[in-house]
Amino acid sequence: MVQATKDIFRDEGLPGFWRGNVPALLMVMPYTAIQFTVLHKLKTFAAGSSKSEDHINLSPYLSYISGALAGCAATVGSYPFDLLRTILASQGEPKVYPTMSSAFLDIIRTRGARGLYAGLSPTLVEIVPYAGLQFGTYDTFKRWTLAWNRSQLSKTNSINGDDGVSSFQLFLCGLAAGTCAKLVCHPLDVVKKRFQIEGLQRHPRYGARVEHRAYRNMFDALRRITQSEGLAGLYKGIVPSTVKAAPAGAVTFVAYEYISDWLESIWT
C-alpha cells in the first residue's frame, strides 16, 4: 500500500488519489438511497411496524436476509457507476479515458449496453453475504450493546440514566460489522474488479493487463487466480479495502441512525 501511494503521487500527483471520484459519488448516492429504502421496507414488513425501535427486536436471520436483499437491489440500480469508477481509478498514466463520458461511450461502442454490467454476477454473489453480514452483524452488535448498557444501568441503580446506544457505540458496531463483512467477501470483490477492467490497455507498471474475455465465468476466474497467484491473490488489496470500507460503513450507519430518527421525530 505504501509503494502504491508513492507511485500514484509521483506519476499522477495529489489528484490521482481522487481518480474516479465523480462516478463513485454518482454510484454511492443511489446505492445508499436504494439500499436503506429497501431495508426499511423489508424490516417494516417483517416487524409489522415502521418504527426503528421495533426493528431492533427482529431475529438475526431476518436482519441478514433483509440486508442481503437490500444490497442486491442497490447493486443493480447503481452498478454502471461502479464499473466506471473502477476503470477510471485503474487506468493510471497515460490515461486511456480522459473523462467519465469517454469511458462510457467507449464501453457502449466496444461491449454494448451489457458491457456496463460486466462483473455483475460475481458482484451479486458477493453482495448477498457482504450486505447480509454487514447489516446482520450490525444489528446483532447493536442489540448486544443495548443489553450491555441496560445491565450497566441496573448495576448502578440509576433511574435517570440513558440506556440507549451512543453515537460512538454505533460507530464501533458499524466498524466491526464492516470489517467482518469485508474480510469474508473480499475474494469476490477481487474477481469483480478483474471482470470490470478486462481489456483495459493500461501501462504494465499498474499491474498485469486483464485481456478481454480472460475468464469464462466467475468460477473460472477464481480457479485461474488461485492457480497463477495462489490463495493470496484472492486477498490482494485487502488492507486498503478494509481501511476504506470499515470506517465508511461505520459513518454511514451512524449518519443513517441519527438522520432517520430526526426525520421520524419530525413526521410523527
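Note that these values count all heavy atoms, side chains included, but never hydrogens, waters or copies made by symmetry.
Listed for the H186 side chain is no donor-acceptor partner under 3.5 Å among the backbone atoms of V239. Remark: the backbone N or O of W262 is paired with a side-chain donor or acceptor of S265 at under 3.5 angstrom. Not one N or O on the side chain of S241 forms a donor-acceptor pair closer than 3.5 Å with the backbone of I238.
Shown here are the side-chain contact (heavy atoms from CB on, under 4.5 Å) partners of A33, two or more places apart in sequence or in another chain: there are none. In this structure, K41 has no salt bridge (Lys or Arg N to Asp or Glu O under 4.0 Å) partners at least two apart in sequence or on a different chain. With sequence neighbours left out, A68 forms a side-chain contact (heavy atoms from CB on, under 4.5 Å) with V128. Under the side chain to side chain donor-acceptor pair (under 3.5 Å) criterion, Y256 pairs with no residue, sequence neighbours left out. Scanning for salt bridge (Lys or Arg N to Asp or Glu O under 4.0 Å) contacts around D106 gives R109, with sequence neighbours left out.
The number of heavy-atom neighbours closer than 6.0 Å to OH of Y258, taken from other residues, nucleotides and ligands shown, is above 12. Within 6.0 Å of CZ in F81 there are 12 or fewer heavy atoms belonging to other residues, nucleotides or ligands. No more than 12 heavy atoms of other residues, nucleotides or ligands sit less than 6.0 Å from atom CD of Q3.
Residues S66 and F135 fail the side-chain proximity criterion, which asks for heavy atoms closer than 4.5 Å. Residues L146 and Q169 are not in side-chain contact: their nearest non-hydrogen atoms beyond the backbone lie 4.5 Å or more apart. With a 4.5 Å cut-off on side-chain heavy atoms, D82 and K192 count as touching. Counting heavy atoms from C-beta outward, I107 and L83 have side chains that approach closer than 4.5 Å. Counting heavy atoms from C-beta on, the side chains of V251 and F171 come closer than 4.5 Å.
Both V22 and F104 sit in one connected hydrophobic cluster of ILVMFWY residues. Membership requires side-chain heavy atoms under 4.5 Å apart, directly or through other members. Transitive grouping of hydrophobic side chains (ILVMFWY, heavy atoms separated by less than 4.5 Å) brings I34 and L42 into a common cluster. If you chain together hydrophobic residues whose side chains sit under 4.5 Å apart, V38 and L263 never meet in one group. No path of Ile, Leu, Val, Met, Phe, Trp and Tyr side chains, each step under 4.5 Å between heavy atoms, connects I127 with I65, placing them in separate hydrophobic clusters. Hydrophobic clustering (side-chain heavy atoms under 4.5 Å, transitive across Ile, Leu, Val, Met, Phe, Trp, Tyr) keeps L222 apart from V184.
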For C180 and L133, run side chain to side chain contact (heavy atoms under 4.5 Å, CB included): C-alpha distance rounded to whole Å, both residues' side-chain angles, the deciding distance at 0.1 Å, then the answer. CA-CA 7 Å; C180 291; L133 278 170; 5.8 Å; no

For E257 and K142: C-alpha separation, side-chain torsions, deciding distance, then whether side chain to side chain contact (heavy atoms under 4.5 Å, CB included) applies. CA-CA 11 Å; E257 293 274 6; K142 184 180 173 183; 2.8 Å; yes

Report the C-alpha distance between S63 and R143 in whole Å, list the side-chain angles of each, state the deciding distance to 0.1 Å, and finish with yes or no for side chain to side chain contact (heavy atoms under 4.5 Å, CB included). CA-CA 12 Å; S63 294; R143 195 179 299 110; 4.3 Å; yes

F17 vs E12, test: side chain to side chain contact (heavy atoms under 4.5 Å, CB included). Steps then yes/no. CA-CA 8 Å; F17 293 102; E12 306 172 50; over 6 Å; no

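Separation of atoms CG (D220) and CD1 (I225) is listed at 9.5 Å; rounding is to 0.5 Å. Between atom OG1 of residue T242 and atom CG of residue L175 there is a gap of 10.5 Å, rounded to the nearest 0.5 Å. A distance of 5.0 Å separates OG1 in T86 from NZ in K193, rounded to the nearest 0.5 Å. Taking CG from N21 and CG from L26, the interatomic distance works out to 9.5 Å, rounded to the nearest 0.5 Å. Annotation: the span from I8 atom CD1 to L14 atom CG amounts to 11.0 Å, rounded to 0.5 Å. Atoms CG and CZ, on L62 and F45 in that order, are 10.0 Å from each other to the nearest 0.5 Å.
Ring-plane geometry between F253 and F36 is classed as perpendicular, the angle between the planes exceeding 60 degrees on a 0 to 90 degree scale with a lower cut at 30. Ring pair W144/F141 is perpendicular by interplanar angle, where above 60° counts as perpendicular and below 30° as parallel.
The two residues A131 and G67 have their closest heavy-atom pair at CB-O, 3.2 Å. In terms of heavy-atom proximity, T99 sits nearest to L88 at O-CD2, 4.1 Å. Residues T179 and A246 approach most closely at OG1-CB, 3.4 Å, considering heavy atoms. Across every non-hydrogen atom of Y97 and S102, the tightest pair is CB-OG, 3.6 Å. When all heavy atoms are compared, the tightest approach of T137 to Q134 is OG1-O, 3.4 Å. Of all heavy-atom pairs between T145 and C173, the closest is OG1-SG, 3.5 Å.
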Would you be so kind as to tabulate the donor-acceptor pairs closer than 3.5 Å made by side chains of residues 70-79, with sequence neighbours excluded?
unit_1: T75; atom_1: OG1; unit_2: G71; atom_2: O; d: 2.8
unit_1: S78; atom_1: OG; unit_2: A74; atom_2: O; d: 2.8
unit_1: Y79; atom_1: OH; unit_2: A118; atom_2: O; d: 2.4
unit_1: Y79; atom_1: OH; unit_2: G119; atom_2: O; d: 3.3
unit_1: Y79; atom_1: OH; unit_2: Q196; atom_2: NE2; d: 3.1

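Using a cutoff of 4.0 Å between basic side-chain nitrogens and carboxylate oxygens, E229 and R194 are scored as salt-bridged. A salt bridge links K43 with D139: the distance from a Lys NZ or Arg NE/NH1/NH2 to an Asp or Glu carboxylate oxygen falls below 4.0 Å.
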